[in-house]
Amino acid sequence: QVHLVESGGGLVHPGGSLRLSCAASGSIFRIDSMGWYRQAPGKQRDLVASITNNSTNYSDSVKGRFTISRDNAKNTVLLQMNSLKPEDTGRYYCTMTVRTTVSRYPYWGQGTQVYVSS
């Protein structure tokens with residue numbers, strides 16, 4: 001019913017920048033919260049950043065370096081990542097809490113890989 005597709009991942013040197021985007025499609029009435037999680041091999045999937053209306057939340061490890069924003073008209077959430085560190089390496093997953101005409105449910109994308117390495 002609802003599909004999320006991430007893009008923008010890749011390989012970047014420490015100190016570099018990447019911009020991740022995630023667009024939702026399908027039977028969408030309204031998207032409430034949007035967010036990004038990341039998961040490194042063998043580790044838990046942890047919250048990176050989230051946004052609800054104009055309120056944002058960041059993990060301590062990315063505060064001051066990452067910025068999350070949303071384009072409601074395009075059902076898109078962005079994650080601008082600056083001053084990247086090797087510790088930022090992982091697969092980044094987009095999530096959105098989507099309201100349809102009959103339900104409210106959190107959806108997840110397939111993820112996009114981010115490598116931060118020299």
K.L.:
Can Ser33 and Ser50 be said to form a side chain to side chain donor-acceptor pair (under 3.5 Å), step by step?
P.N.:
CA-CA 7 Å; Ser33 63; Ser50 64; over 6 Å; no
K.L.:
Drop me the distance from Asp32's CG to Thr52's OG1, to the nearest 0.5 angstrom.
P.N.:
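The OG1 atom of Thr52 is 7.5 Å from CG of Asp32, to the nearest 0.5 Å.
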K.L.:
Any donor-acceptor pair under 3.5 Å linking the side chain of Ser83 with the backbone of Gly15?
P.N.:
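Looks like no, no N/O pair under 3.5 Å.
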K.L.:
Will you find, in the side chains of Thr100 and Ser27, an N or O donor that is under 3.5 Å from an N or O acceptor?
P.N.:
no
K.L.:
Measuring only between side-chain heavy atoms, which start at C-beta, is Arg38 closer than 4.5 Å to Ser61?
P.N.:
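Yes, close enough: below the 4.5 Å cut-off.
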K.L.:
Following the transitive rule for hydrophobic clusters with a side-chain heavy-atom cut-off under 4.5 Å over Ile, Leu, Val, Met, Phe, Trp and Tyr, establish whether Trp108 and Ile31 coincide in one cluster.
P.N.:
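No.
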K.L.:
Counting C-beta onward and ignoring hydrogens, is there a side-chain heavy-atom pair between Met81 and Ser17 closer than 4.5 Å?
P.N.:
no
K.L.:
If you round to the nearest 0.5 Å, how far is OG1 of Thr101 from CD of Gln1?
P.N.:
8.0 Å
K.L.:
When rounded to the nearest 0.5 angstrom, what is the spacing between CG in Leu11 and OG in Ser118?
P.N.:
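Between Leu11 CG and Ser118 OG, I get 9.5 Å after rounding to 0.5 Å.
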K.L.:
So which heavy atom on Val48 is nearest to which on Phe66, and how close?
P.N.:
CG1-CD2, 3.6 Å
K.L.:
Rounded at 0.5 Å granularity, tell me how far CZ in Arg65 sits from OH in Tyr58.
P.N.:
12.0 Å
K.L.:
Using distance alone, with no hydrogens and no angle criterion, decide if Arg91 and Gln39 have a side-chain donor and acceptor under 3.5 Å apart.
P.N.:
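Absent: no donor and acceptor within the cut-off.
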K.L.:
Sub-3.5 Å donor-acceptor pair from the side chain of Ser103 to the main-chain atoms of Tyr105, do we have one?
P.N.:
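Absent.
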K.L.:
Do Arg70 side-chain atoms and Val77 backbone N/O form a donor-acceptor pair below 3.5 Å?
P.N.:
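Side chain of Arg70 to backbone of Val77: no pair is present.
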K.L.:
Are Leu78 and Val62 grouped together when hydrophobic residues (ILVMFWY) are joined by side-chain heavy atoms under 4.5 angstrom apart?
P.N.:
no
K.L.:
Quick one: which of Asp88, Val12, Asn82 gives a side-chain contact (heavy atoms from CB on, under 4.5 Å) with Leu18?
P.N.:
Val12
K.L.:
Indicate, with yes or no, if Leu84 and Ile68 share a hydrophobic cluster defined by side-chain heavy-atom contacts under 4.5 Å among Ile, Leu, Val, Met, Phe, Trp and Tyr.
P.N.:
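Looking at the clustering, Leu84 is in the same group as Ile68.
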K.L.:
Quick check with a 6.0 Å cut-off and a 45 degree axis cone: is Arg45 positioned over the face of Tyr93's six-membered ring?
P.N.:
yes
K.L.:
For Gln110, is there any backbone N or O sitting under 3.5 Å from a side-chain donor or acceptor partner on Glu6?
P.N.:
yes
K.L.:
Take atom OH of Tyr115 as the centre, draw a 6.0 Å sphere, and report whether it contains more than 12 heavy atoms from other residues, nucleotides or ligands.
P.N.:
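No, not enclosed.
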K.L.:
Can you check whether Gly9's main-chain N or O pairs, donor with acceptor, with Thr112's side chain at less than 3.5 Å?
P.N.:
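It does hold such a pair.
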K.L.:
What's the separation between atom OG in Ser69 and atom CD1 in Ile51, rounded to the nearest 0.5 Å?
P.N.:
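Result: 6.5 Å between the selected atoms.
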K.L.:
Do any N or O atoms from the side chain of His13 and from the backbone of Ser117 form a donor-acceptor pair under 3.5 angstrom?
P.N.:
yes
K.L.:
Indicate the atoms forming the closest heavy-atom contact of Ala49 with Leu79, along with that distance.
P.N.:
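That would be CB-CD1, 4.1 Å.
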K.L.:
Any donor and acceptor pair, going by atom type alone, linking the side chain of Asn53 with main-chain N or O of Ser55 inside 3.5 Å?
P.N.:
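Judged by distance alone, no pair lies under 3.5 Å.
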K.L.:
Under a 3.5 Å distance rule, please check whether Thr95 uses its side chain to pair with a backbone N or O of Tyr107 as donor and acceptor.
P.N.:
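Yes, the answer is positive, given that a donor and an acceptor are paired below the 3.5 Å cut-off.
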K.L.:
Which heavy atom in Met34 sits nearest to a heavy atom in Asn75, and how many Å separate them?
P.N.:
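Shortest heavy-atom separation between Met34 and Asn75 comes out as CE-C, 4.4 Å.
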K.L.:
Linking I/L/V/M/F/W/Y whenever their side-chain heavy atoms sit closer than 4.5 Å, directly or via other members, would Val114 and Leu4 fall into one cluster?
P.N.:
yes
K.L.:
Ile28 versus Val2: any side-chain heavy-atom pair under 4.5 Å?
P.N.:
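SC-SC contact between Ile28 and Val2 confirmed.
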